[in-house]
Protein chains: 2
Amino acid sequence: MSDMTVTLSDVAREAGVSLATASRAINGSANRTVRPELRERVLAAAARLRYSPDANAQAMARGRTTALGLIVHDIADPYFSTIASGVTAAAERAGLVVTLASTDRDAGRELAFVELMQRQRARAIIVAGGRHDDDAANRALADALVEYRSRGGGAAAVGQPLLGVDTVVIENRSATAELVRQLHGRGYRRFAVLAGPTAHLTAHERLDGFRTSLDDLGTPLDPDLVIPCAFTRDGGYEAMEQLIARGVVGRAGTGSGGSGQPVEAVFAVNDVMAVGAMAAARAAGLDVPGDVAIAGFDDIITLRDITPSLTTIRLPLADIGAMVTELALAPDNDAPRLVPVDGEVILRDSTPPLA
Amino acid sequence: MSDMTVTLSDVAREAGVSLATASRAINGSANRTVRPELRERVLAAAARLRYSPDANAQAMARGRTTALGLIVHDIADPYFSTIASGVTAAAERAGLVVTLASTDRDAGRELAFVELMQRQRARAIIVAGGRHDDDAANRALADALVEYRSRGGGAAAVGQPLLGVDTVVIENRSATAELVRQLHGRGYRRFAVLAGPTAHLTAHERLDGFRTSLDDLGTPLDPDLVIPCAFTRDGGYEAMEQLIARGVVGRAGTGSGGSGQPVEAVFAVNDVMAVGAMAAARAAGLDVPGDVAIAGFDDIITLRDITPSLTTIRLPLADIGAMVTELALAPDNDAPRLVPVDGEVILRDSTPPLA
DNA sequence: TTGTATGCGTTATCAA
DNA sequence: TTGATAACGCATACAA
């Protein structure tokens with residue numbers, strides 16, 4: 001029945017000092033205006049009584065909390081969980097505690113979580129995860145964040161700079177452009193792209209950089225070879241199946257139908273899709289990269305040992321998590337700061353030099 | 001300069017009602033003893049003033065919060081992030097918000113986080129992740145949880161039932177025993193085990209079930225072929241290198257040295273270690289499963305498409321997250337409830353039937 | 001350096 | 001059904 005909560009008043013009484021003195025002795029704030037002897041007495045009393053300060057009461061009295069909100073689409077996705085690890089590490093350094101929301105890409109839940117963090121008086125909110133091409137949803141979220149910031153909260157995002165807050169901007173276009181150049185250097189000319197959802201901005205940017213770069217090199221991408229699909233492993237699998245069914249991907253040397261020459265390489269806009277595509281290729285009896293080369297994006301750490309090793313674009317996800325945390329916590333700026341982050345092309349065995 | 005916080009008093013004044021009425025109208029608690037007309041007026045005033053209830057003040061007045069603490073070793077690890085996704089989903093259903101700590105396997109930080117959650121007056125704490133064979137650390141954590149529970153908090157764990165709280169117990173031994181039986185059925189007799197850290201209880205249990213089952217089948221495991229290593233991809237890689245260097249794993253048909261017959265299959269106590277082992281085998285020019293079969297544990301979703309597909313033991317990680325959440329939130333029991341969860345052996349191409 | 005008293009924003013108790 | 005008013009547990013301005 002020790003459910004009786006021990007309060008600071010109890011500690012003060014036990015130590016024979018006033019509430020104020022007990023408070024000062026225990027939080028040990030800037031101006032430590034408490035005699036060492038008393039201080040000891042208070043600390044001893046607190047220990048004796050197993051006193052545990054009530055963070056909620058402190059938050060109310062101080063007018064600020066120690067919480068940091070983190071919104072991800074899906075914490076089980078390695079992309080987000082790696083960012084989250086960077087965020088938790090940075091938050092711990094800042095003495096903050098991370099409150100996590102995994103919203104399953106539901107705009108309504110994102111909004112609800114921002115409002116929840118507003119109620120919790122969280123110090124800052126971090127929105128990780130690419131936006132969709134849904135102006136209404138983006139504007140609603142942006143508005144909620146404006147409101148939140150107007151009330152003193154910090155906010156930052158990773159992905160596209162669409163929310164009006166400090167953002168770690170992933171340079172998707174330049175990264176895929178560079179990938180194209182390097183694949184070109186290895187002799188690849190004819191590509192297909194597993195493009196993800198049309199409305200998915202990250203997917204779109206990756207496709208766009210890829211396409212633009214191919215245009216620049218004078219070997220434009222055939223629009224028929226851009227396959228929209230889900231941003232998931234299954235999406236990659238099914239899109240690859242389509243390519244195979246249409247005969248644009250098949251046994252090497254077999255100019256099997258489709259529109260002219262067969263595709264030499266398939267670019268999936270993320271790694272898990274690329275892995276799905278590999279699985280589909282194998283299921284169809286094709287060899288990767290013998291029959292078709294495959295490249296992805298993200299360099300998910302768990303996938304670094306797959307066979308054949310996957311050509312991809314590395315993003316420093318944990319660092320990104322740390323960066324966005326610092327942005328969210330930085331003193332309020334008038335104009336949103338944009339911190340660009342480049343991807344690094346990693347050529348591996350899934351796209352060997354073409355003979 | 002709308003930094004002026006709108007309080008419930010403001011809403012009450014704006015609506016021309018008392019503070020009490022405003023409170024009742026807005027939280028809409030069980031006994032809705034407020035006239036619809038007034039209620040509307042209050043809600044309208046709240047909306048007009050963009051009122052946002054202060055969760056900390058509510059927590060203090062109500063005497064309970066809406067927070068749920070989750071401790072994982074490493075949120076970037078797919079094992080934990082998948083459990084975390086189950087926890088966040090269940091927590092949302094319960095109207096709770098998840099506070100996340102990624103402790104990097106640091107016992108001190110685990111303890112600190114429990115105390116932090118105690119200060120936050122969190123409703124419950126979930127400890128995910130296997131214990132180490134460190135009695136002092138386990139006891140300290142158990143004590144902290146006892147203290148926490150004595151103050152009204154809920155607590156639950158996943159892994160070993162060593163913390164004195166409700167636990168989702170992973171039946172590691174029976175799972176690996178079943179794996180052995182099935183591999184036996186496919187003709188395997190001579191195994192090596194990449195065993196993880198000796199003090200790691202989960203690793204130990206998996207090894208133990210494996211070994212015991214082999215004993216029962218009359219084909220005991222050679223102790224020299226149990227390689228301690230880190231519980232990581234690199235640990236698996238290095239342990240496999242050792243086996244190769246010692247000549248107990250090598251080209252099929254090449255009875256190359258070592259102690260007698262070469263190893264037919266290598267069991268790694270988790271999937272990422274198994275993948276590391278595969279990488280080491282390939283780096284040494286060996287074929288999997290041609291030269292050596294490999295099996296893992298966990299059935300990490302991101303790894304389901306690797307080649308060759310990995311024989312492993314599936315754990316319903318997201319469900320486990322949901323289950324442990326329910327345990328943590330369930331009304332206080334005297335004796336710790338133990339909920340066993342079985343793994344399901346999934347035979348795949350990395351351990352084909354032996355000729 | 002210490003103590004007193006007030007406020008933080010809400011809920012809940014008690015009268016009206 | 002509504003309204004004063006007292007908690008809730010702590011920090012802090014002000015006084016001593």
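The sequence lines fix the lettering, A, B, ..., with proteins before strands; numbering per chain opens at 1. Only this structure's heavy atoms are used, side chains among them; waters, hydrogens and symmetry mates stay out.
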Fill in: Rounded distance (Å) that lies between atom C1' of C:dA12 and atom CD1 of B:Ile26
16 Å

Item to complete: Look at all strands and tell whether A:Thr7 reaches a base, only sugar-phosphate, or nothing, counting heavy atoms closer than 4.0 Å.
Response: sugar-phosphate

Item to complete: Scan side-chain atoms only and decide if B:Thr5 and A:Arg121 contain a donor-acceptor pair under the 3.5 Å cut-off.
Response: no

Discussion item. Looking at A:Ser18, I'd like to know whether one of its side-chain N or O atoms comes within less than 4.0 Å of OP1 or OP2 on C:dG3.
Written reply: yes

Worksheet entry | side-chain N/O A:Gln58 vs D:dC10 OP1/OP2, d < 4.0 Å | no

Worksheet item: Regarding A:Thr82 and A:Ser85, is there a side-chain donor-to-acceptor distance under 3.5 Å anywhere?
Response: no

Discussion item. So, does B:Thr33 get its side chain near the phosphate of D:dT1, meaning an N or O under 4.0 Å from OP1 or OP2?
Written reply: no

Discussion item. So, does A:Thr21 get its side chain near the phosphate of C:dT2, meaning an N or O under 4.0 Å from OP1 or OP2?
Written reply: no

Practice prompt. Measure distances between side-chain N and O atoms of B:Arg24 and base N and O atoms of D:dG3, and say whether any donor-acceptor pair falls under 3.5 Å.
Written response: yes

Worksheet item: Does B:Arg35 put a side-chain nitrogen or oxygen below 4.0 Å from OP1 or OP2 of D:dT1?
Response: no

Worksheet entry | Closest-nucleotide 5' rank along DNA chain D - winner of A:Ala20 and B:Ala57 | B:Ala57

Discussion item. Could you check whether any side-chain heavy atom of B:Arg35 comes within less than 4.5 Å of a side-chain heavy atom of B:Leu38, counting everything from C-beta outward?
Written reply: yes

Item to complete: From the options B:Thr202, B:Asp133, B:Asn138, select the one residue that forms a side chain to side chain donor-acceptor pair (under 3.5 Å) with B:Gln160.
Response: B:Thr202

Worksheet entry | Atom-to-atom span, CG of B:Asn56 to C1' of D:dA11 - whole angstrom | 14 Å

Item to complete: Name the nucleic acid region contacted by A:Leu38, choosing base, sugar-phosphate or nothing; use a 4.0 angstrom heavy-atom cut-off, strictly under.
Response: sugar-phosphate

